[in-house]
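A, B, ... follow the sequence lines: proteins, then strands. Residue 1 opens every chain. If you're wondering where the values come from, they're calculated on a predicted model, not measured in any experiment.
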Number of protein chains: 2
Amino acid sequence: MAKRSDSHGRLDDAARAGWLYYVAGRTQDEIAAAMGISRQSAQRLVSLAVAERLIKVRLDHPIAACLELGEGLRAKYGLRQVEVVPSDPAAGSTTVGLAEAGAAEIERWLKRSDPIVLAVGTGRTLKAAVDQLSPMECPQHRIVSLTGNIGPDGSAAYYNVIFSMADAIKSRHFPMPLPVLCSSAEERDTLHDQALVRSTLALGAQADVTFVGIGELGPEGPLCIDGFLAKDEMMTLVEGGAAGEICGWMFDHDGKLLSGSINDRVASVPIPSSDASCVIGLAQGRRKLKAIAAALKGRLINGLITDEATAEQLLRG
Amino acid sequence: MAKRSDSHGRLDDAARAGWLYYVAGRTQDEIAAAMGISRQSAQRLVSLAVAERLIKVRLDHPIAACLELGEGLRAKYGLRQVEVVPSDPAAGSTTVGLAEAGAAEIERWLKRSDPIVLAVGTGRTLKAAVDQLSPMECPQHRIVSLTGNIGPDGSAAYYNVIFSMADAIKSRHFPMPLPVLCSSAEERDTLHDQALVRSTLALGAQADVTFVGIGELGPEGPLCIDGFLAKDEMMTLVEGGAAGEICGWMFDHDGKLLSGSINDRVASVPIPSSDASCVIGLAQGRRKLKAIAAALKGRLINGLITDEATAEQLLRG
DNA sequence: TTTGCTCATGGGCAATTACTCACCTTCACC
DNA sequence: GGTGAAGGTGAGTAATTGCCCATGAGCAAA
């Protein structure tokens with residue numbers, strides 16, 4: 001008998017057990033009884049079928065591709081948190097936009113009962129996400145802005161998101177009463193030395209989780225559009241190897257922060273270390289591709305929320 | 001938040017949970033943590049994904065088709081036990097023949113520690129199966145033959161299998177010291193009235209499991225080949241609506257035993273009732289198709305061991 | 001024949017999963 | 001604004017599953 005079982009191959013039995021378990025939905029006890037073996041042996045056959053890749057599981061849902069892409073990105077860049085949303089709303093019922101996905105992730109953090117420090121950057125994408133937040137009561141948390149809220153002309157910077165966030169989330173908020181960009185490194189240092197600013201800077205440094213937008217450079221990038229940088233300054237930066245920016249901090253194609261250049265004048269809190277905390281970027285679109293890839297490569301962020309098409313391109317590159 | 005979750009659809013969440021569970025191999029606890037929900041909710045989403053057929057499981061093994069066919073036969077004929085073996089040995093490594101599969105099933109019963117009565121019919125297929133049995137010690141069981149072992153010319157009927165079985169299985173065996181076919185109903189009744197035969201008949205009636213071959217009729221059928229019936233007798237039977245035989249018992253296309261005809265002269269033990277016990281037929285091949293279908297239809301058997309091609313045809317018809 | 005190795009097996013136990021039961025929210029209808 | 005059905009939630013609990021270990025069979029080398 002043993003001889004015959006062997007010649008038929010253990011894999012055949014594994015296939016049979018796997019079929020009974022996964023397709024027919026029997027329990028391992030039933031399989032054991034049907035095959036005349038012990039429950040443990042049935043369990044071994046089932047796990048053998050899985051280990052030998054006899055069992056193929058497929059998910060019939062548009063979101064499946066997104067999850068695959070997310071897993072790919074997680075593996076490729078060592079990310080802690082990935083969310084890929086479907087690109088084409090018409091493709092299925094899952095028209096979760098980037099903004100909604102970002103809001104969901106923010107809410108996931110805010111729902112925690114233990115107090116956390118949540119830091120936010122700036123940008124249109126992030127603003128859209130924050131606008132999707134549902135009202136919540138979160139007295140235990142603190143929310144801090146990484147970027148100044150004064151625009152280049154002295155008015156409020158529209159895409160500073162912390163005030164939008166304050167509308168929805170009842171929590172302690174800490175804006176940065178600074179411009180985004182100072183006129184000089186000295187001015188930046190002076191401003192940062194104010195007591196109020198120093199405490200906010202310290203708070204930002206200890207953020208448990210940070211949500212940031214990722215800005216592309218070039219004359220159509222947000223820094224130019226919003227008037228923070230003139231086009232010729234921008235072109236100089238790009239020619240100098242800049243690939244993108246987060247909270248105004250410029251980085252090259254390897255995700256290394258540029259030394260000198262305008263980074264000396266950026267008033268933003270330094271981007272929290274992605275070794276110690278979660279730094280989640282929200283970005284999507286072909287134009288941002290190089291910036292996102294660089295930020296991932298340099299581990300400036302360890303979490304990403306993007307869309308399907310962008311995820312594909314990131315994995316391809 | 002609730003609103004957004006709803007608009008995204010519960011199915012999306014179910015798909016995500018199902019993917020994480022089945023594809024990514026996470027536990028439900030991990031899924032719950034990742035999705036920010038309770039473990040119970042994660043469990044519900046996973047089972048929802050299964051219930052909604054979002055999760056498709058496929059078995060990459062030649063045996064998968066056989067199992068599908070077996071399930072189909074089980075459903076169609078209300079069978080207790082089905083085994084379908086691959087038809088084409090070249091198709092894969094699983095060249096389990098009918099004989100080996102039958103032997104495996106017999107051994108499965110004999111391996112039981114509680115005492116059982118196992119009855120066997122006759123036929124080439126069954127003989128081949130019994131010849132595949134490995135030696136076993138089964139003092140607790142009793143094995144009884146349903147058919148006589150004396151051929152039409154007085155010699156031992158070759159395809160009576162109980163002696164082959166006795167070679168491999170150490171157990172108490174009860175052959176039937178009778179011809180297969182008597183010359184008249186009266187002779188049959190007289191023979192059956194012998195004390196020794198009566199006890200064997202009684203034993204056969206209480207069989208826990210019965211293995212039988214299924215014979216097709218016609219001039220090429222085993223009854224003619226082995227000389228039990230002349231060709232003209234056979235033709236008369238076929239024209240009278242006979243579709244097949246089990247242990248010599250003739251039945252029509254609905255699986256009803258024919259009254260009169262040669263059934264009056266059959267010396268075999270009546271086929272045990274398939275209501276109370278397992279009656280497993282071994283048969284395969286296009287020529288036997290009508291006989292098998294009739295036996296199944298009439299519930300003469302409630303178990304079947306056959307091959308892939310035959311199973312397909314049975315399901316088609 | 002003995003020794004040492006590999007591997008399948010079943011028992012036992014901890015982790016994981018499925019199910020049931022109240023309770024709660026939502027929504028449609030009155 | 002009340003009211004009941006539908007469906008979701010968490011707690012508790014039973015069932016199921018995964019894994020470790022000791023055991024013994026089979027087999028090749030010494």
Chemist: Considering only heavy atoms from C-beta outward, does the side chain of B:E107 approach that of B:E105 to under 4.5 Å?
Modeler: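 SC-SC contact between B:E107 and B:E105 ruled out.
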
Chemist: Between A:D167 and A:S164, do the side chains contain a donor N or O and an acceptor N or O under 3.5 Å apart?
Modeler: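 A:S164 vs A:D167: no donor-acceptor pair found between side chains.
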
Chemist: State whether the side chain of B:N302 and the backbone N or O of B:S277 hold a donor-acceptor pair below 3.5 Å, judged by distance alone.
Modeler: yes

Chemist: Strictly distance-based, threshold 3.5 Å: is any side-chain N or O of A:H141 a donor or acceptor partner for the main-chain N or O of A:K170?
Modeler: no

Chemist: Quick test of your reading of the model: are B:K76 and B:E71 salt-bridged, counting only N-O distances below 4.0 Å?
Modeler: no

Chemist: Estimate the overall bend of the helix from C:dT1-D:dA30 to C:dC30-D:dG1 from the end axes over five pairs each, rounded to 10 degrees.
Modeler: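 Answer for the end axes of this duplex: 30°.
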
Chemist: Does A:S274 have any side-chain hydrogen bond (donor to acceptor under 3.5 Å, both in side chains) partners at least two apart in sequence or in another chain, and if so, which?
Modeler: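 Checked A:S274 against side-chain hydrogen bond (donor to acceptor under 3.5 Å, both in side chains); zero matches.
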
Chemist: Please work out which residues in residues 38-48 of chain B have a non-hydrogen atom less than 4.0 Å from an atom of DNA chain D and list them by number.
Modeler: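 Under 4.0 Å from DNA chain D: B:S38, B:Q40, B:S41, B:R44.
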
Chemist: Between A:R26 (CZ) and C:dA18 (P), how many Å, whole number?
Modeler: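 About 18 Å, once rounded to whole Å.
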
Chemist: For the backbone of B:R112 and the side chain of B:Q140, can you confirm whether one donor and one acceptor N or O come within less than 3.5 Å of each other?
Modeler: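 Confirmed, B:Q140 side chain pairs with B:R112 backbone.
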
Chemist: Between which nucleotides of DNA chain D, 5' to 3', does chain B make heavy-atom contacts below 4.0 Å?
Modeler: D:dG8 to D:dA11

Chemist: Within the 4.5 Å heavy-atom criterion, are B:V130 and B:F163 side-chain neighbours or not?
Modeler: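 Side-chain contact under 4.5 Å: no.
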
Chemist: Who pairs with B:Q284 by side-chain hydrogen bond (donor to acceptor under 3.5 Å, both in side chains), at least two apart in sequence or on another chain?
Modeler: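 Once residues adjacent in sequence are excluded, B:Q284 has no partner under the side-chain hydrogen bond (donor to acceptor under 3.5 Å, both in side chains) criterion.
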
Chemist: Please list all pairs meeting salt bridge (Lys or Arg N to Asp or Glu O under 4.0 Å) that have one or both residues in residues 27-39 of chain A, counting only residues at least two apart or in different chains.
Modeler: none

Chemist: Distance check needed: C:dT9 C1' versus A:D13 CG, whole Å only.
Modeler: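 Those two atoms, CG and C1', are 14 Å apart.
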
Chemist: In whole Å, I'd like the distance from the CG atom of B:D29 to the P atom of C:dA14.
Modeler: 18 Å

